[in-house]
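A short write-up of the structure that comes next.
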Amino acid sequence: ERARYTTASAADMAIAGELGGGPDVLIVDPPRKGLDDVVLDKLDTELHPPRRIVYVSCGFKAFKRDYSRLLRRYRPVHAEGHVLFPGADHMETLCVFDLESN
């Protein structure tokens, strides 16, 4: 199995133990409030966390908070902003994080 696509909340996946020991790449697109604490806690403590996280954010304030938490184990390798909805008062942020090698 080279790829698996799952539609579920990241919190449900974290609680089910699906964030570690499995995916090489985790793609998250949380609501404006950002990732749930259970997800960030799991990524902090997972023995075999994903090697890469692709984070799509529509809430910059929450992204800044999550970014700070992810920096405990990950480093940003690419980031860009997009205005996907002309006339909107916010920007979508795409950031790719790679697991720090110790």
Side-chain angles (χ1 to χ4, degrees):
E1 179 178 89
R2 297 187 49 91
R4 183 176 70 161
Y5 179 80
T6 303
T7 56
S9 77
D12 289 346
M13 297 296 284
I15 291 166
E18 295 287 329
L19 295 185
D24 291 326
V25 178
L26 177 66
I27 301 170
V28 293
D29 183 6
R32 286 183 193 259
K33 69 181 180 86
L35 291 172
D36 290 311
D37 285 335
V38 67
V39 176
L40 295 166
D41 292 343
K42 194 70 164 174
L43 291 170
D44 275 348
T45 60
E46 188 63 50
L47 187 57
H48 300 288
R51 292 188 307 217
R52 174 168 280 181
I53 297 173
V54 178
Y55 190 120
V56 181
S57 172
C58 64
F60 192 73
K61 193 181 266 189
F63 173 72
K64 286 187 345 185
R65 183 207 62 194
D66 293 351
Y67 179 93
S68 295
R69 288 282 305 272
L70 289 170
L71 287 181
R72 294 177 186 177
R73 293 186 87 176
Y74 291 87
R75 65 181 169 85
V77 295
H78 181 81
E80 53 190 63
H82 298 274
V83 176
L84 297 179
F85 306 101
D89 63 348
H90 70 277
M91 182 183 330
E92 305 285 323
T93 305
L94 170 74
C95 191
V96 179
F97 295 89
D98 280 350
L99 186 64
E100 289 277 11
S101 54
N102 295 331

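The two residues Pro49 and Leu43 make their nearest non-hydrogen contact at CB-O, 4.4 Å. Considering every non-hydrogen atom in both Cys58 and Pro30, the closest pair reads SG-O, 4.2 Å. Contact between Leu71 and Pro76 at its shortest, heavy atoms only, is CD2-CD, 3.6 Å. Counting all heavy atoms, side chain and backbone alike, Lys42 lies closest to Gly17 at CE-CA, 4.4 Å.
Separating the CG atom in Leu99 from the CD1 atom in Ile53 is a distance of 8.0 Å, to the nearest 0.5 Å. How far CG of Leu35 is from OG of Ser9: 10.5 Å, rounded to the nearest 0.5 Å. Once rounded to the nearest 0.5 Å, the distance linking CG of Asp66 with CG of Leu40 reads 5.0 Å. Note that CZ of Arg69 and CZ of Arg65 are 8.0 Å apart. Values are rounded to the nearest 0.5 Å. Considering NE2 of His82 and CD of Glu92, their distance stands at 9.0 Å, rounded to 0.5 Å. To the nearest 0.5 Å, atom OG of residue Ser57 and atom CE of residue Met91 are 11.0 Å apart.
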**Message:** The test is side chain to side chain contact (heavy atoms under 4.5 Å, CB included); show your working for Arg32 and Lys61 and say whether it passes.
**Reply:** CA-CA 8 Å; Arg32 286 183 193 259; Lys61 193 181 266 189; over 6 Å; no

**Message:** Could you walk me through whether Val56 and Thr93 satisfy the side chain to side chain contact (heavy atoms under 4.5 Å, CB included) test, starting with their C-alpha distance in whole Å, then the side-chain angles of each, then the deciding distance to 0.1 Å, before giving a yes or no?
**Reply:** CA-CA 6 Å; Val56 181; Thr93 305; over 6 Å; no

**Request:** Evaluate the criterion side chain to side chain contact (heavy atoms under 4.5 Å, CB included) for residue pair Val25 and Val54; output intermediate values, then yes/no.
**Result:** CA-CA 7 Å; Val25 178; Val54 178; 4.1 Å; yes

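Contact check on Arg52 versus Asp24 returns no salt bridge, with no Lys/Arg side-chain nitrogen under 4.0 Å from an Asp/Glu carboxylate oxygen.
Taking hydrophobic clusters as Ile, Leu, Val, Met, Phe, Trp and Tyr residues chained together by side-chain heavy-atom distances below 4.5 Å, Phe60 shares a cluster with Tyr55. With hydrophobic clusters built from ILVMFWY side chains whose heavy atoms lie under 4.5 angstrom apart, Phe63 does not share a cluster with Leu94.
Using modelled atom types, one finds no donor on one side chain facing an acceptor on the other under 3.5 Å when comparing Asp98 with Tyr74.
Between the side chain of Arg73 and the main chain of Glu46, a donor-acceptor pair closer than 3.5 Å is present.
Between Tyr67 and Phe97, a ring centre-to-centre spacing shorter than 6.0 Å is recorded.
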